[in-house]
Number of protein chains: 2
Amino acid sequence: MRVVEEQPRTRDASATRARILAAAKSEFARLGLAGARVDEIAKRACANKRMIYHYFGGKEDLFRTVLVEAYLDIRSAEQDLELDHLPPREALERLVRFTWAYCLDNPEFITLVNSANLHRGKHLKESERLRSASRRFVSMVQEVLDRGVADGVFRPGIDPVQLNITIAAIGYYYLTNRFTGTILFERDFMNSKALESRLDFNIDTVMRLVLS
Amino acid sequence: MRVVEEQPRTRDASATRARILAAAKSEFARLGLAGARVDEIAKRACANKRMIYHYFGGKEDLFRTVLVEAYLDIRSAEQDLELDHLPPREALERLVRFTWAYCLDNPEFITLVNSANLHRGKHLKESERLRSASRRFVSMVQEVLDRGVADGVFRPGIDPVQLNITIAAIGYYYLTNRFTGTILFERDFMNSKALESRLDFNIDTVMRLVLS
DNA sequence: GCAAGAAGTAACTAACTGGTGCGCTACTGA
DNA sequence: TCAGTAGCGCACCAGTTAGTTACTTCTTGC
């Protein structure tokens, strides 16, 4: 049982840290690592710039923290899907829907990942925590595939990593390139009908890929 | 033995312009719009910074030019595929292989497109030339689909734009996110065997999607 | 109640960055 | 031949940027 809440302190290290992190996430997502400004992050966090250096060390380290947290967030959300409680087909469809919805609801995630890769992944290299979370995720998908094969609904021999990449790709690409896509293909990528069509198309793509 | 070539002119506007454009493409691709440095571009182009402002107006305009040229290049290469000379299945497989190979051989293209979208496509907005090139491309794919349906090998009702997006996505995503992918999934994304597997997987994905 | 450390602030700096003013030089057309 | 122009280079600027120094203020354990 939570005792007293804790009275509104004028100083609150963890709250300040969290505000900085949120502001940084938003700014790095909006402008990239090079484009984001430390002063602006501090301003938006209603914190003094000095605090960024105090809590995170520097701009690059702040970016690293933001990035790792963003990845841990999605991995954690994936675990909550509880795919093992569903029949294989439904489980897979649920994963496709989730991946799509997550990118839609967390547009910063996409641009952060893009920035991370622009910098050749160097901000992610050390994180064992992330690697093990990813391992869990792959096993989860592997398990769905195995059950599907056992039930005779999925064809055997599908690599869960390739499948994951494809599921992410068909949603992620559409959303990250929505601006150039809208211009080049002269259609609105983001109205609700377009979004619905794309999701349907993606579910269809994945199902045709795995069904036996 | 070097033949005449064209005598080494001390001044060559179009050559200088081209060197700047090439250096800019490389730098913008490597570091993004905000990360690239005008001084560095000039240095790598063996040109004076002043020339960048003379030929292109400014950093943003230079980026716009680089971006439009990059898009025109891929659209032009797509037209050279001559898909209409091939049976529908072969035509489509050829397109998938081409898209993959193009991203592999022109890694700058991917990061330039990412940068363009980070800036919400604003550098592409005016280019009618690009829109019409894209229109031609979509018709080309539409025509392949139509022939496939007529031949009874493809199922009807497939949207060529959605198909294009998917073909691009499954290659592009793998390559643009190869750094984080390599780390998270603990496998080398770029050795020749991995690349071959991915291409096979992608061809399979697209074929299963369209075959009747 | 008080010392000590943690949270927070403001002003500063050294280096950098996009962009220019201006003059020099080679080519070209009449 | 020679004036005009386009290509080019130097040196500079004003604004910005990541990071720091030196300080004050609050909180907490004892």
Side-chain angles (χ1 to χ4, degrees), chain A residues 3-67 115 118-119 122-123, chain B residues 4-67 112 115 118-119 122-123:
Chain A
V3 206
V4 278
E5 285 285 342
E6 74 191 306
Q7 40 270 73
R9 297 195 299 177
T10 51
R11 298 185 168 198
D12 187 332
S14 66
T16 303
R17 212 190 107 104
R19 283 202 318 278
I20 291 173
L21 222 40
K25 184 178 189 176
S26 152
E27 286 298 285
F28 284 136
R30 204 163 60 89
L31 302 164
L33 172 53
R37 300 292 166 229
V38 176
D39 285 285
E40 185 64 22
I41 290 170
K43 193 174 147 195
R44 294 202 180 209
C46 299
N48 191 282
K49 180 165 61 153
R50 193 66 189 77
M51 292 295 98
I52 291 177
Y53 293 89
H54 185 243
Y55 289 123
F56 299 98
K59 192 186 184 183
E60 297 254 321
D61 304 279
L62 178 56
F63 181 73
R64 190 189 319 275
T65 306
V66 165
L67 195 63
S115 287
L118 182 63
H119 296 90
K122 76 167 176 173
H123 302 94
Chain B
V4 276
E5 287 280 346
E6 81 183 297
Q7 37 270 70
R9 295 200 299 176
T10 51
R11 298 184 168 198
D12 188 334
S14 67
T16 303
R17 212 189 108 102
R19 284 203 316 279
I20 291 173
L21 222 39
K25 184 178 188 178
S26 153
E27 286 299 285
F28 284 137
R30 204 164 61 89
L31 301 163
L33 172 53
R37 299 294 166 228
V38 176
D39 286 283
E40 185 64 21
I41 291 170
K43 193 174 148 197
R44 294 203 179 208
C46 298
N48 192 281
K49 181 166 60 154
R50 198 71 189 72
M51 292 297 97
I52 291 178
Y53 293 90
H54 186 242
Y55 288 123
F56 300 98
K59 191 185 185 186
E60 296 253 321
D61 304 279
L62 178 57
F63 181 73
R64 189 189 320 274
T65 307
V66 165
L67 195 63
L112 288 173
S115 287
L118 181 63
H119 296 90
K122 76 167 175 174
H123 302 93

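Proteins come first, then strands; the chains are lettered A, B, ... in the order of their sequence lines, and each starts at number 1.
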Would you mind reading off the distance between [X] atom [atom1] and [N] atom [atom2], rounded to a whole angstrom?
| X | N | atom1 | atom2 | value |
| --- | --- | --- | --- | --- |
| L33(A) | dA18(D) | CG | C1' | 12 Å |
| K43(A) | dT9(C) | NZ | P | 15 Å |
| Y53(A) | dT21(D) | OH | P | 13 Å |
| K59(A) | dT16(D) | NZ | P | 15 Å |
| H54(B) | dT5(D) | NE2 | P | 13 Å |
| D39(B) | dC12(D) | CG | P | 16 Å |
| I52(B) | dG9(D) | CD1 | C1' | 13 Å |
| M51(B) | dC10(D) | CE | C1' | 12 Å |

Is there a donor N/O on one and an acceptor N/O on the other, under 3.5 Å, for the side chain of K49(B) and the base of dG19(C)?
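Such a pair exists between side chain and base.
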
Under 3.5 Å, is there any donor-acceptor pair linking the side chain of R50(B) to the base of dG21(C)?
yes

Does a nitrogen or oxygen in the side chain of Y55(B) sit under 4.0 Å from OP1 or OP2 of dA6(D)?
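No, because none of the side-chain N or O atoms of Y55(B) sits under 4.0 Å from OP1 or OP2 of dA6(D).
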
Under 4.0 angstrom between T16(A) side-chain N/O and dG8(C) OP1 or OP2:
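Yes, within the criterion.
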
Near DNA chain D, counting only heavy atoms under 4.0 Å, which residues of residues 19-32 of chain A show up?
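Hits under 4.0 Å, by residue number: none.
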
Between [X] and [Y] (side chain of the first, backbone of the second, donor and acceptor by atom type, cut-off under 3.5 Å), is there such a pair?
| X | Y | answer |
| --- | --- | --- |
| R37(B) | A34(B) | yes |
| N48(A) | M51(A) | no |
| S26(A) | A22(A) | no |

Base, sugar-phosphate alone, or nothing: which one does A36(A) contact when heavy atoms must sit under 4.0 Å apart?
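Sugar-phosphate contact only.
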
Heavy atoms only, 4.0 Å cut-off, all strands: where does A15(A) land among base, sugar-phosphate and nothing?
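It contacts nothing in the nucleic acid.
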
Run the salt bridge (charged side-chain N to carboxylate O under 4.0 Å, His left out) check on R44(B) and E40(B) step by step: do they pass?
CA-CA 6 Å; R44(B) 294 203 179 208; E40(B) 185 64 21; 3.0 Å; yes

Among I41(A), I52(A), L33(A), find the residue that satisfies the side chain to side chain contact (heavy atoms under 4.5 Å, CB included) test when tested with K59(A).
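The residue from I41(A), I52(A), L33(A) that satisfies side chain to side chain contact (heavy atoms under 4.5 Å, CB included) with K59(A) turns out to be L33(A).
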
Please find the pair of heavy atoms, one from S115(A) and one from F28(A), that lie closest to each other, and give the distance.
OG-O, 4.3 Å

Non-hydrogen atoms of L21(B) and L62(B) that approach each other most closely
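Residues L21(B) and L62(B), closest heavy atoms: CD1-CD1, 3.9 Å.
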
Could you say whether R37(A) or N48(A) is positioned toward the 5' end of DNA chain D, judged by the nucleotide with the nearest heavy atom to each?
R37(A)

